[in-house]
2 protein chains.
Amino acid sequence: MRRGYATGQARRERILAAALLEFAENGYRGASLARIAERVELSQAGLLHHFRSKERLLVAVLEHRDELDARRFDLASAGGVDALHAMAAVVGHNARVPGLVQLFSVISGEAVTPGHPGHEWARRRYRRLRAQVAAALRLGVERGEFRAGLDTEAHADRLIAMMDGLQTQWLIDPERVDMAAVFRGYVDDLVALLAPPAAPGPGTAAAP
Amino acid sequence: MRRGYATGQARRERILAAALLEFAENGYRGASLARIAERVELSQAGLLHHFRSKERLLVAVLEHRDELDARRFDLASAGGVDALHAMAAVVGHNARVPGLVQLFSVISGEAVTPGHPGHEWARRRYRRLRAQVAAALRLGVERGEFRAGLDTEAHADRLIAMMDGLQTQWLIDPERVDMAAVFRGYVDDLVALLAPPAAPGPGTAAAP
DNA sequence: GTCTATAAATAGATAGAC
DNA sequence: GTCTATCTATTTATAGAC
């Protein structure tokens, strides 16, 4: 029953997990293939048999995480106010997995440099996130949960920026910053702000 | 007239400027003392005569920038709505100095790692920024520009997070993200949101 | 698929001459 | 204050045996 394949896959996943830790702790530039190999009890040359270079390994780690996260968080299915609350829930979840948050913060920070191997990944990722969040906001407009004519792309940029910015503050000073609560406050403010102009009476807004 | 001192100081400042470029382009871990030395036409050993280690050089660069910025942006003097507009102006200014923005983004990203030489600097910096912004917001409350009882520290965290998050997006994809405009939108929304409950008529709010 | 050995480059830091 | 020379350590990647 394909033992070779199964163990090969298992090995690959163990390497990805170990690399994630190393990249999160030291960034791409500070990471060492030797230390990653050590974590999976493999020689450095053995590690490079599975991933031909440090650069490819980083990209593999990032894409692997994106795959897993895409399954976990399906923002596209929600819309409007629900989507905003879903984002707040994601932040709440993130506060329990500092290692993952650190990976994305460190790599995103490094990746602002044009030559960085994560640069293209980061660009694609932000474009994709913005499109998803903006679509969710448009859905809210169509449903009448949000007022018409709002700049959904600008709000999407801001929601993503808020998540990232709070993550950095939280990682640097966890005791002082309650990332989840502060983000929730943003969402609450936004729900109030984006609500359509007050209807004459309750219930009338929902009637066609 | 103290030529030796003057040239010594000038040399130091040239080193700081060169180091800033190198750290901004490659981060702390990716930076090379040899390349910095080359930029100021000095040997690597000669460079280390002025700053005893790479770590001290980074800290010197960061503190030097903080000093200069503290003179340029005096948020403490403004308060309330003026302070918010001053922050928007800072973002507008930042959009014209990508190198500086990149330095702070890259180093802040790396510095989430506990062992990083910029970690303590980043923590102090965020605490200071938060205190300054929160104080400016409180001033707005006292003046009656903002409604009473708002969570000034949470709003300070969010304003700073928004600046940082938009900077990252802008650096990674400059054509797509208009950092200054998107931030201005946030400030405008905030001004509306934080305004005190509507007074009976215009002008009455200002009367004691 | 995993290893040892090694290449080839670069790093930060120090010693000591001038 | 600046240099050359050197030390020591570490890096990624490759070659080739098993």
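Order of the sequence lines sets the chain letters (A, B, ...), proteins ahead of strands, with each chain counted from 1.
C:dG1 atom P lies 11 Å from atom CD1 of A:Ile15, rounded to whole Å. For the pair B:Tyr28 OH and C:dA11 P, the interatomic distance rounds to 13 Å; values are reported in whole Å. Rounded to an integer number of Å, the gap from B:Arg14 CZ to D:dG1 C1' is 15 Å. Between B:Leu47 atom CG and C:dT14 atom C1' the separation is 14 Å, expressed in whole Å. Residue B:Leu33 contributes atom CG, which lies 15 Å from atom P of C:dT10 at whole-angstrom precision. Regarding B:Glu55, its CD atom lies at a distance of 18 Å from the P atom of C:dA11, rounded to whole Å. Atom pair B:Ile36:CD1 and C:dA11:C1' shows a separation of 12 Å (rounding to whole Å applied). Atom-to-atom, CZ of B:Arg35 to C1' of C:dG12 comes out at 13 Å; the value is rounded to the nearest Å.
A close approach under 4.0 Å does occur between a side-chain nitrogen or oxygen of A:Arg11 and OP1 or OP2 of C:dT2. Note on A:Ser43: every side-chain N or O is 4.0 Å or more away from OP1 and OP2 of C:dT2.
A 4.5 Å side-chain heavy-atom check between A:Leu159 and A:Tyr186 finds at least one atom pair inside the cut-off.
With hydrogens and angles disregarded, no donor-acceptor distance shorter than 3.5 Å links the side chain of A:Glu145 to the backbone of A:Gly80.
At the heavy-atom level, B:Leu48 lies under 4.0 Å from base atoms of the strands shown. Within 4.0 Å of B:Ala37, counting heavy atoms only, lies no atom of the nucleic acid at all.
For A:Arg56, the CZ atom sits in a loose shell: 12 or fewer heavy atoms of surrounding residues, nucleotides or ligands are nearer than 6.0 Å.
Annotation for B:Phe104 and B:Arg65: closest pair CZ-CB, 3.9 Å, computed over non-hydrogen atoms.
Both A:Gln44 and A:His49 sit near DNA chain C, but only A:His49 has its closest nucleotide nearer the 5' end.
Of all nucleotides listed (D:dA13, D:dC3, C:dT4), D:dC3 comes nearest to the side chain of B:Ala45. Of the candidates D:dC3, C:dA13, C:dT2, the closest approach to any side-chain atom of A:Leu42 belongs to C:dT2.
Looking at A:Arg130, A:Arg125, A:Arg123 one by one, the single match for side chain to side chain contact (heavy atoms under 4.5 Å, CB included) with A:Arg127 turns out to be A:Arg123.
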